[in-house]
Amino acid sequence: MKSDNGSLVCFLFFLGDITQKGYEKKRSKLLQAYLPHTPGNTHTPYFTKQHTVFIVLRLHLSHCICHRDVHSEAVQAALEQHSERKMAVLLPSKRQSLIGQTSMDTYTPPDSSSGSDAEGSLGRAGGVSMDSWISRALHGSPSTSSSSSSHSNSSANKYYSIKICFPVFTIVRICICSIIAYMCVGVPVSSRVSAKIQQLVNTLKRPKRRPLREFFVEDFEELLEVQQPDPSLPHPEGAESTPIQGEELNGLKNCPSSLEAALLRWGAIASKAPCLTTTHSNAKQPYTLTYGKLWSKSLKLAYNLLHKLGSKQEPIIHPGDRVALVYPNNDPAAFMVAFYGCLLAEVVPVPIEVPLTKKDAGSQQIGFLLGSCGVAVALTSDACHKGLPKSASGDVMQFKGWPKLLWVLTDSKHLSKPPREWFPLIKDANNDTAYIEYKTCKDGSVLGITVTRMAMLTHCQTLTHTCGYSEAETMVNVLDFKKGIGLWHSVQTSVLNMLHVVKTHFWSPGFLDGLPISYVVCVKSRDLHWALMAYKEQSDTNMSSLRMLLIADGSNPWSISSCDAFLKVFQSMGLRSEVICPCAGSPEALTVAVRRPQEGSPKPAGRGVLSMTNLSHGVIRVDTGEKLSVLALQDVGTAMPGAMVCVVKLEGVPQLCKTDEIGEICVSSVATGTSYYGLTGMSKNTFEVGLVSDCVFVRSGLLGFVGPGEMIFISGTLEGLMQVGGRKHNADDIIATALAVEPMKFIYRGRTVVFSVNVLYDERIVLVAEQRPDSTEEESYQWMSRVLQAIDGIHQVGVYCLALVPANTLPKTPLGGIHLSETKQLFLEGALHPCSILMCPHSCITNLPKPRQKQPEVGPASVMVGNLVAGKRMAQASGRDLSHMEDNEQFLFLSEVLQWRAQTTPDHILYTLINTRGAIGSSLTCLQLHKRAEKIATLLYERGQLQDGDHVALVFSPGLDLIAAFYGCLYAGCIPITVRPPHPQNISTTLPTVKMILEVSRSVCVMTTQAISKLLKSRDASVAVDFKSWPPILETDDLPKRRCPLLYKPCDPDSLAYLDFSVSTTGMLAGVKMSHNATSALCRSVKLQCELYPSREVAVCLDPYCGLGFVLWCLCSVYAGQQSVLISPMDLEVNPALWLQSVSQFKVRDTFCSYSVMELCIRSLSSLTDSLKVHAHTLTQNFNLHLARGMDLTRVRSCVVVAEERPRVALTQSFCKLFKDVGLHPRAVSTAFGCRVNLAICLQGTSGPDPTTVYVDMRALRHDRVRLVERGSPHSLPLMESGKILPGVRIIIANPETKGPIGDSHLGEIWVHSPQNASGYFTVLGEENVRSDHFGARLSFGDTQTVWARTGYLGFLRRTDLTDASGERHDALYVVGALDEVMELRGMKYHPIDIETSIIRAHRNITECAAFTWTNLLVVVVELDGSEQEALDLVPMVTNVVLEEHYLIVGVVVVVDTGVIPINSRGEKQRMHLRDGFLADQLDHIYVAYNM
């Protein structure tokens, strides 16, 4: 291709006038993807010679217009094709109160003139219209990469949106921001929420992209295996690059030997010459500082620093000490005086920003820097000192992390005049430290870069030579004068050359009117943007005198668009393209390159259009501007005079890059930083990089390459680099893409940050922006969705999280930008408080473990052989034998045992009920219980007209009436069913449950007290349940006087004794039949295990309505004869210490409780343990004195937690730790396990070994394998033994699918064989597919004759090294979880409690959580203990922790208030009830986030 200017050609792209034929050719090429015929293959050439050429000269304006028109037509065609899909965006659901509270009408928008230091620009250059370019990306136009790359993600991904309208009061809105990985077909829709999820799942069936190779398996060792590189990915092919040498730095004519000497010269010979002019925006007169004033004031300050601080014998400051310079941005004159005053005093200045508040972002890290530098004095102005936060005494407040400082005011009125004979020693520049410039790293830490006096002088000389500064020239500076390019040019180089610096905070072209013939302007690209925004047509504006427009952030690739836009507007007013001079620099390397003003220079400005896809692999490939994923770069000039520049690889040992490879720019020059102050190791890695011969290079932190003509191109910074999925992306690029999507309507331009967080062994991109107050929630989510699509289409990378926060809420830097590390820390801590958030894990997490493939089934023979070969024993165990008989064991029925005890030991106390005050409320002896039971039997016969076998519902509060009513039913031959009474404060919810149990159990009569009877007849109760529908109610307050003439005696021991109704954690209401034989066997087994005798006392704090709690409350005392001290769990709400005080008061050795009781004690008594402590010697001497306010648990031998779940190790450990100071021994706390088929399978006895805790690999459990690991190992899960197997109980672990026995290294279902097994289900409600073989299962091979009961719980057996009472090795049973609650995701099995334990640890405001699945989606419900504005903080925290610890993607996160998750009386979560409420849209949620 030929150019109009052949003398300037160096491989040109897109040059020359486009003819009509060429225009039609380009147009058809762009539109062919949208035409009916099959698109042809495109080929993009690339070059890999020693110097790949990227120079593209500026296009003529007519060329740009033609190019823009072509892209507009392509976008229109894409929009027409996309508009055929009738899809919209579904948004998350938010509580209306939260929407009102997060309304940002009260917020004031931030100062938009102060942007972030790393902000992007509005658009891109390179001949492509930004509107059409970004619109094309948003609508999924395919993006092809270079032909040299066959990367699997090269094609842009298409996004689709759906909008569902529901005629309901609460509209649940779902936002689709990625493609879901799970698919479900044919799931029935039963509610509004399920319909939404179903439609969402159906919408997201299309796979997002081909799966990547970054899969890993669950074995930790294989995670560390290095992935083999894909040979098809782009890789550099050029020759090794060589360092480039800058031109020689010719000695400047009459150049002073140091900056102090220059100040002395100009202060003497040009004292009236203006040095600095400060303009004010508040209409004040500009202030001008002359060189004479600068010299005299600096001299005065230097004298005071050395002679007026401290005493003559002990001055505070010595030459070489460090002092802090604290000056605001509107007072450059005072800063300049302080800077040169320190140089004259040979003191090292450390310029820092003004701390405005005690909680300034990054202020603590600044304090650490000052402390490490040994700073004890801070210089500031009088006006700044007045604005600093003060303590009550009027002194400057001590900032967090700061050393104690002496604040010195540098205004002339506060300084003493130096004597005439005093004069500072003006030395030549040497290697002493001149100043320390601070730098904030990516992680928020602050480093101090030391610059020597020789480096400072040489740097000023190179800038003078490069920029062509001359004496008395005018410079307009809009930059920060305390650091970086603003400090180097307007404070240091200006004094060397006697420049006149005009400092302004806001710059517009009209400001330049009246300036001299030649002047220089130092700006950032954002200043060009704001100048365009504020520009108005002014015919008198003339910019022909502008000699140099220095772009300080020319290293930002997106500054090119601001430069082009500025040139386009002001070129007609005399602005020349050659005066625009981008530069690049860093605190370590100082100025790396500056494009020289090109007047008369033969070298043109260089531009390159590079493939962004190849750049993400660190490879340079020329691309065409027609594609979406391209990056247009401009050069920043050549190497500085006297410097050598090279490009080194980003990873590994420093090596030179290839010519077509992106690397870090390194500089070898005198004019660079020397070290990080006080950090020798880091300094060596950064400032002493040896590459070529004896040259020592300094890392600049800038990423780029050296192009043709030795021009330097910068593509990003090391601080903004994010490596995601093996590809590198620049934060500035992501920000620029986000800002291009209608930024001014929804967010603030300079208030956007992008950073990466490490999730699941890779970095994930997070975008945070401040939302405008006037944008609605729906508009914001629409914008967020478009941003996600644009970033994915252009950069081929997914955004993990996009969050919008209210205006003015993100931490700010002193210059007004967003503090990146502080914002990232808030996000990681869950303290960002966003008002809108979108999580997109499905599109970002591509390295999940491979889904488990089910292996083909094997036969019984191979299973047996496999177990034998592996040396594993079969998982089976049994308790001790029940052969010994005692006196009461001759009776087969409990009613007979009670009658026998009433005759033999009538006055023996069986039950003692404790009231809320801790005193004995009532008690029952054997005779009293017998007589009361007789009267209740008479009541049933006479008033109830009941017959043998009738079912009677016992609706009593926990107490002695329940026990008497139970035995009264046995005396009358009726079948008792214990039912929890309705709660008076929540009768509308609890009463229907009571009515349901009565109907399911077929109760013909209700027995209760008069108080509960009134409650059932109340008006509130009638609203929930009609009173006429109740069966007859018998009140036990007024019993018949006479006793029953004939007590019922069952004729068959296998006949029904009572029904045990309970609701499982899966939501199944089931009543199991307990025969007289099973009841007696159960009581006998518990008696032997716990060694219960009439002389013993046992404390019971359990709900007495079902399971082992009912057995211990009502049955065991009658059978074994021990005295039971009964404490109602409901009374603990009034007196939390009631249970433990009763145990201490009655000197009980054995006690039983539930997890809910234990949690209540921990929560309520954690702050009172000090007052409960009682010293042992004081207790023995005067126990009664301390009894009322103290407790002693040293006598407790066993504290058994009764539950139907996995033991909660963390809870029991917390309980032991909390109450160890009052004598509770950790070995005393254990757990019991029972279920519906057998109410007590395991229970820690008094003579057995201590309960053991093992640590298993959580990943192996997902595959039904048991692998023991050491404590603290990665992915280790602590499991506590569920108690010792009861006498007469046999246990075997079976495969729940094949029903075959398995080895003890496998996880399986617990099967039990025992005479105390329940007889079967009386009725089941809530689960239709209950297995018929729950009570009559047989093994498929092995012992096929024994009849087993299936518990429905998964666990494993382990033979320990401990020995039991018989001398044999102890077999421990470990319960893992309920079989019905196992969640099978990605072919692996997960237990909800594991996921919930991780989530509760994720955030301090999560009090409780529950996990369940629906349509292969993992749904997590969390309870928020905090303000509703903190609800959205929980969404990323929950998503992160589940990904990190369980390799699962949370599909839906529901945030609710505390107390919403239903928990039964045993403290177990009712997850299925919660799931039903969620699907029926009955949860009063605060926020629902759909991570899809």
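Side-chain atoms are counted along with the backbone in the values below, which use heavy atoms only and exclude waters and symmetry mates. Predicted model, so just to flag it, every value in this text is computed and none were measured.
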Donor-acceptor pair between His1076 and Glu896 side chains, under 3.5 angstrom:
no
What distance do Thr978 atom OG1 and Phe1061 atom CZ have between them, rounded to the nearest 0.5 Å?
10.0 Å
Only distances under 3.5 Å count here; give the side-chain donor-acceptor pairs of residues 948-966 to other protein atoms, sequence neighbours excluded, each with its distance to 0.1 Å.
{"from": "Asp950", "atom 1": "OD2", "to": "Gln947", "atom 2": "N", "distance (Å)": "2.8"}
{"from": "His951", "atom 1": "ND1", "to": "Ser1001", "atom 2": "O", "distance (Å)": "2.7"}
{"from": "Asp961", "atom 1": "OD1", "to": "Arg932", "atom 2": "NH2", "distance (Å)": "3.0"}

Centroid-centroid distance, His930 to Tyr967, less than 6.0 Å:
no
Side-chain donor-acceptor contact under 3.5 Å, Gln1244 with Ser1198
no
If you take the centroid of each ring, where Trp contributes its six-membered ring, are Phe1335 and Tyr1321 closer together than 6.0 Å?
yes
side-chain hydrogen bond (donor to acceptor under 3.5 Å, both in side chains), paired with His1370, selected from Lys1284, Glu1281, Arg1358:
Glu1281
Can you list everything that forms a side-chain hydrogen bond (donor to acceptor under 3.5 Å, both in side chains) with Trp1348? Sequence neighbours excluded, please.
none
With rounding to the nearest 0.5 Å, note down the distance linking SG in Cys974 to CD1 in Ile936.
11.5 Å
Answer yes or no: are there more than 12 heavy-atom neighbours, outside Lys995 itself, under 6.0 Å from its atom NZ?
yes
Thinking salt bridges, do Asp1304 and Arg1359 make one under a 4.0 Å N-O criterion?
no
Please step through side chain to side chain contact (heavy atoms under 4.5 Å, CB included) for the pair Arg1290 and Trp1311, ending with a clear verdict.
CA-CA 8 Å; Arg1290 289 177 56 191; Trp1311 288 16; over 6 Å; no
